[in-house]
Amino acid sequence: MMNMDLTTALPEIFLVCVAAILLMLGVFRRGDSTRLVLWLSVIALAFTFVLVALAPGERTTAFSGLFVSDLFGGFMKLLVLTGAAVTMIMSLRYIERESMARFEFPVLLLFATLGMMLMVSA
């Protein structure tokens, strides 16, 4: 039962693991790591997009019915992931121009995207 729950929430689990890894990468890399973390975040969002797109279409529930995966939820997750990736790409030059380039910005966007994906499936 728990294995099926984790499989149903695989895109979200992947995204939270990548966000935590990128946060640690930014902290330990020292220096200007904003561009690297941002592009790795975009790649992670693209891979999460593929995970959501390849999910089975039938309605599945996990965690005693608290997490629902279906076609409409998958479509909304794809929209959220696309919006987050486009936002990151569009914001890169702005945050560099305004001297706001910090590695925390893309990581914060990843965690916000994760929250939106969880709300879609709640």
What closest approach, in Å, do Ala19 and Val107 show between heavy atoms, and which atom pair accounts for it? O-CG1, 3.9 Å

Salt bridge (Lys or Arg N to Asp or Glu O under 4.0 Å): which pairs involve residues 89-102, sequence neighbours left out? Arg35-Glu96

Connected to Phe72, directly or through other members, by ILVMFWY side-chain contacts below 4.5 Å are Phe75, Met76, Leu79, Val120

Atom OG in Ser33, atom CZ in Phe28: separation rounded to 0.5 Å? 12.0 Å

For Phe103 and Leu23, what are the C-alpha separation, side-chain angles and deciding distance, and is it a side-chain contact (heavy atoms from CB on, under 4.5 Å)? CA-CA 8 Å; Phe103 73 90; Leu23 183 61; 3.8 Å; yes

Taking it one step at a time, do Phe67 and Glu12 satisfy side-chain contact (heavy atoms from CB on, under 4.5 Å)? CA-CA 11 Å; Phe67 188 91; Glu12 288 83 0; 3.6 Å; yes

For residues Val86 and Val50: do they belong to one hydrophobic cluster (side chain heavy atoms under 4.5 Å, members Ile, Leu, Val, Met, Phe, Trp, Tyr)? no

Does any pair with a residue in residues 107-122 pass salt bridge (Lys or Arg N to Asp or Glu O under 4.0 Å), and if so which ones, sequence neighbours excluded? none

Drop me the distance from Glu58's CD to Asp70's CG, to the nearest 0.5 angstrom. 10.5 Å

Decide yes or no on side-chain contact (heavy atoms from CB on, under 4.5 Å) for Leu92 and Trp39, but give the supporting numbers first. CA-CA 10 Å; Leu92 179 61; Trp39 285 112; 3.7 Å; yes

dist Leu6:CG -> Thr8:OG1 (nearest 0.5 Å) comes out at 8.5 Å

Val52 and Pro11, any side-chain heavy atoms less than 4.5 Å apart: yes

Report yes if some heavy atom in the side chain of Leu22 is under 4.5 Å from a heavy atom in the side chain of Val18; otherwise report no. yes

Verify same cluster id: Leu54, Ile43 (apolar side-chain graph, 4.5 Å): no

Examine the side chains of Lys77 and Thr48 and answer whether a donor and an acceptor come within less than 3.5 Å of each other. no

Flag the pair Ser41 / Leu109 as yes when at least one side-chain heavy-atom distance between them is below 4.5 Å, and no otherwise. no

For Ala55, enumerate each residue passing the side-chain contact (heavy atoms from CB on, under 4.5 Å) test, keeping only those at least two apart in sequence or located in another chain. none

Pick from Thr87, Leu108, Leu118, Val80: which one makes a side-chain contact (heavy atoms from CB on, under 4.5 Å) with Thr113? Val80

Hydrophobic cluster membership, with links at side-chain heavy-atom distances under 4.5 Å among I/L/V/M/F/W/Y: are Leu51 and Leu71 in one? no

Show your reasoning for whether side-chain contact (heavy atoms from CB on, under 4.5 Å) applies to Leu81 and Met117. CA-CA 8 Å; Leu81 289 166; Met117 289 176 66; 3.7 Å; yes

Let me check something: do Met119 and Val68 share a hydrophobic cluster, defined by ILVMFWY side-chain heavy atoms less than 4.5 Å apart, either directly or through other members? no

Would Leu38 and Val27 show up in the same hydrophobic cluster when neighbours are defined by side-chain heavy atoms closer than 4.5 Å? yes

Sorted by chain and number, sequence neighbours left out, side-chain contact (heavy atoms from CB on, under 4.5 Å) with Leu36 holds for Leu25, Arg29, Leu40

Taking all atoms of both residues into account, what is the closest heavy-atom pair of Ala20 and Phe111, and its distance? N-CZ, 4.2 Å

Would you say that Leu45 contacts Leu110 through its side chain, given a criterion of any heavy-atom pair below 4.5 Å between the two side chains? yes

Under the ring-ring contact (aromatic ring centres under 6.0 Å, His included) definition, can you give me all pairs with a residue in residues 7-26, not counting sequence neighbours? Phe14-Phe47

